[in-house]
Amino acid sequence: MIDTHAHLYAEEFDTDRNAMLQRAQSVGVTKIVLPNVDSASLQRMLKLESEQSGFCYAAIGVHPTSIGPGYEDELAMVEQELKRRNSSDPAGPAIAPYIAIGEIGTDLYWDKSFVHQQQKAFACQLQWSLDYHLPVIIHVRDSFDATFEVLQDFKGRGLRGVFHSFTGTAAQAYTINEFGTFYLGVNGIVTFKNSGLRDELIQLSPEKLLLETDAPYLSPVPYRGKRNESSYLALIAGKLAEVYSLTTDEIVRITTQNANSLFNFK
Ligand SMILES: [Zn+2]
């Protein structure tokens, strides 16, 4: 299994990070994607990535909730990091490139006052994903319209990525795929008792889905409300198996193949 979205560099794991990573490996998690938040999270993320090389893979971007006054400095950090690791200079030292741009997008749940700046930063980072041939990890919260408005300008230009923590409708999933080739990231929300997500997913193919935890957030049942971790990915795979009347092994095989193809894992 591949956990395609986990903030395992967060302080929440400072006391038991290695044990937590061991638990993930013992249930069959083979790779973990670490999405960046902003310049404050960057060094923590890079440290974990280098300690867990071959297991944890970093993406670079600035999260919409970190877009405020001075957001240009955050974008400059992203651009600098892309230049540092993703500009192929055959004469320079070999550095592992970032595997994606993320997480980026819009979020109008916490604060609506920076919506235009969020959209500008989103568009700028989408353009870099095309320039650097990288997939994007998109965050949307209460903001499908604001997100679609930006994506409209990128129609037909070859965007690839994932709408992480997808909680939209099947109709929105179809709209998303008019803007490019997109997977939907499914996390613990699919296990929540009152979630309408299962009824939407059943109308979509598992060939479109990725597994993710979004740890330390959004723990699946029976850990809802507690700290999330990558080993709980198995519970999400199990619930999807139930939704599609497939075996957990089949869900794992399909979603792993999807993640390998999106992030270019060998
Ligand atoms: Zn996230």
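Counting convention: from 1, in listed order, for ligands and their atoms alike. We count residues from 1, following the sequence as given.
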Side-chain (Gln203) to main-chain (Asp199) donor-acceptor, under 3.5 angstrom
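Looks like yes, one N/O pair under 3.5 Å.
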With sequence neighbours excluded, what pairs up with Ser66 under the side chain to side chain contact (heavy atoms under 4.5 Å, CB included) test?
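Here the qualifying residues are Val37, Asp38, Val62, His63.
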ring-ring contact (aromatic ring centres under 6.0 Å, His included) involving Tyr57 - partner list, sequence neighbours excluded
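Tyr57 satisfies ring-ring contact (aromatic ring centres under 6.0 Å, His included) with Phe265 only.
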What pairs meet the salt bridge (Lys or Arg N to Asp or Glu O under 4.0 Å) rule with one or both residues in residues 7-18, with sequence neighbours excluded?
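As it turns out, the salt bridge (Lys or Arg N to Asp or Glu O under 4.0 Å) pairs with a partner in residues 7-18, which skip direct neighbours, are Asp14-Arg17, Asp14-Arg44, Asp16-Arg23, Asp16-Arg227.
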Ring centroids only, cut at 6.0 angstrom: are Phe114 and His116 within range, meaning strictly under it?
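Not close enough - the centres of the two rings lie 6.0 Å or further apart.
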Going by chain and residue number, what protein N/O/S atoms come nearer than 2.8 Å to the Zn ion (ligand 1)?
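Under 2.8 Å from the Zn ion (ligand 1) - ignoring waters, which are not counted - the protein N, O or S atoms are His5 NE2, His7 NE2, Glu103 OE2.
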Per the side chain to side chain contact (heavy atoms under 4.5 Å, CB included) rule, which among Phe166, Tyr183, Tyr244 passes with Leu209?
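The side chain to side chain contact (heavy atoms under 4.5 Å, CB included) with Leu209 is passed solely by Tyr244 among Phe166, Tyr183, Tyr244.
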